[in-house]
Amino acid sequence: MSDCTVLIADDEKLAREAVKLQLATYPNVQIVAECTNGKQALEQILQQKPGIIFLDIQMPVLNGLEILQQLPAAYHPAIIFVTAYDTYALQAFENDAIDYLLKPFTDNRFDKAFQKALKICKSQQVDESLPEANLTER
Amino acid sequence: MTAISGLFYNFIIYLIIVLIVNGLKYYDDLQQEKTKTHQLEKRLAESRMQFLKQQLQPHFLFNTHHSIITLMKIGLTNKAVSMMEKLSDLMRFALRENMQQEVPLQKELELLQLYVDIQKIRFEDKLVVEYQIEEHLEKALVPTMMLQPLIENAIKYAVETSEGETTITIAATKTDDKLFLSIKDEGSSLYNFNETKKGIGISNTEERLQQLYGRQQHLELKPFKNNNLKGLEVVIKIPLHYV
């Protein structure tokens, strides 16, 4: 099974660093893109189709919630919001986010969210590989 | 004789009336002066509250904390320490007991610099701050903590919504008896300024200026656009006076 791919979108460099730092403890994870604004994030998400997305809510051009609304219906990445606000929590979950990290977050809290995301990411990979497996059997 | 005493009597009555009227007027002036002082104190307390609230805004405070923690984790301890110290200085200033209505421009700019330094660590190259302060204005008096909410506005509306670099220019110039302060943001922000949605920051500033300087002050909002750059300039005119 291939590695889970991750995309990080946050307009603050240090905030992206914080996520990358945590991800360094997961060797089987590949960061495919780092984005500094919502528009760039949407383009990269559609192009790379990462399995896990870390999304800041308050970003220039397109905000995190607007990005989610523009994703194709058949694509279900594991989305984790990372933000200093908790005002948007409910809205985030309505948009199918799997978790919501409040800055600053602890290592434990990050791991809890990321484990959840990994599980979803891996189960999606199994789903995708199933039809191919069936084909080869025939 | 009776005519003279009648005249004298009338004069005494007149004198009493004049005294009473003047007394009442004096009392009224005193009351008005008291009310004005009260209102000024209230306004200062409000702007201090507003400043505090801004510092305690989850957006500013938690993002700053997050940045400090990240700096420490990636080993940039010196930067983390400096950011923490600046945050402390800023909070200490805001929590000060005896706050004056006015401070020398130099002092106001020092406070602003703390805030800008913290924001620069967060936004890096996206935020450029320039100062154009005319010579000899360091001791000119300006309302305490008036500039910070205006810069905060510029960051919120111009820097945060912009992909590229935004320059905030803080300028101070003078004529014979007036001091002009200008805060201008210039970048590729997507935010469109709307006069009717001025926001609490600007209206509070307007009210405070009115209370402090009456008709001798003026605040003007000048949205502008040139080529692909746009922004908003806030120009404040107040009487020029020194420490």
Side-chain angles (χ1 to χ4, degrees), chain A residues 8-25 31 34-44 54-67 80-92 100-111 113, chain B residues 53-84 86-87 117-127 152-166 185 187-192 228 230-231:
Chain A
I8 305 167
D10 199 308
D11 60 328
E12 288 179 36
K13 190 181 165 211
L14 277 174
R16 296 195 300 276
E17 286 294 325
V19 173
K20 278 190 337 194
L21 207 64
Q22 299 288 346
L23 290 177
T25 55
I31 300 171
E34 276 185 59
C35 308
T36 58
N37 69 62
K39 190 173 150 238
Q40 193 193 0
L42 182 64
E43 281 166 10
Q44 287 294 315
F54 285 95
L55 209 52
D56 179 22
I57 294 192
Q58 206 71 7
M59 272 191 300
V61 196
L62 271 180
N63 74 35
L65 296 168
E66 288 165 338
I67 291 175
I80 300 172
F81 275 114
V82 189
T83 177
Y85 288 105
D86 50 9
T87 340
Y88 295 109
L90 197 66
Q91 234 180 319
Y100 194 91
L101 287 176
L102 283 177
K103 297 174 193 172
F105 46 75
T106 61
D107 294 356
N108 280 342
R109 187 63 189 81
F110 181 92
D111 287 338
Chain B
K53 265 195 209 155
Q54 255 152 2
Q55 302 326 305
L56 298 173
Q57 252 185 19
H59 192 47
F60 177 74
L61 201 62
F62 295 134
N63 273 314
T64 303
H65 284 170
H66 190 57
S67 302
I68 292 170
I69 292 172
T70 308
L71 285 170
M72 291 194 288
K73 281 185 172 171
I74 58 180
L76 295 174
T77 328
N78 286 344
K79 249 186 166 174
V81 169
S82 144
M83 203 170 178
M84 193 72 228
K86 280 171 179 153
L87 188 63
D117 284 348
I118 292 172
Q119 294 289 39
K120 273 215 64 115
I121 294 176
R122 287 182 51 208
F123 292 104
E124 296 194 318
D125 302 338
K126 267 185 77 180
L127 170 64
E152 172 119 22
N153 260 1
I155 289 180
K156 185 172 168 194
Y157 294 112
V159 181
E160 284 190 22
T161 64
S162 159
E163 268 185 271
E165 181 184 295
T166 300
D185 61 68
S188 51
S189 129
L190 288 168
Y191 178 74
N192 283 315
N228 43 13
K230 64 175 196 171

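Source: prediction; values computed, not measured. Each chain gets a letter, A, B and so on, in the order the sequences are listed, and its residues count up from 1.
Within 6.0 Å of atom NZ in B:Lys120, more than 12 heavy atoms from other residues, nucleotides or ligands are found, so the atom counts as buried in its surroundings.
In this structure, chain A has heavy atoms under 4.5 Å from both the backbone and the side chain of B:Ile121. A:Gln58 touches chain B through its side chain: at least one heavy atom from C-beta onward sits under 4.5 Å away, while N, CA, C and O do not. Residue contact with chain A, scored on non-hydrogen atoms closer than 4.5 Å, involves the side chain of B:Glu124 exclusively.
Of the inter-residue distances, the one linking B:Glu160 atom CD with A:Glu12 atom CD reads 7.5 Å to the nearest 0.5 angstrom.
Taking the side chain as every heavy atom from C-beta outward, A:Asp11 and B:Lys126 approach each other to under 4.5 Å. Looking at B:Asn63 and A:Lys103, their side chains come closer than 4.5 Å, going by heavy atoms from C-beta outward.
Looking at every heavy atom in both residues, A:Leu14 comes nearest to B:Thr70 through O-CG2, 3.3 Å.
Of the listed residues B:Lys73, B:His65, B:Arg122, the one with more heavy-atom pairs under 4.5 angstrom with chain A than any other is B:Arg122. Ranked by heavy-atom pairs shorter than 4.5 Å toward chain B, the options A:Ala15, A:Gly38, A:Ala84, A:Pro104 are led by A:Pro104.
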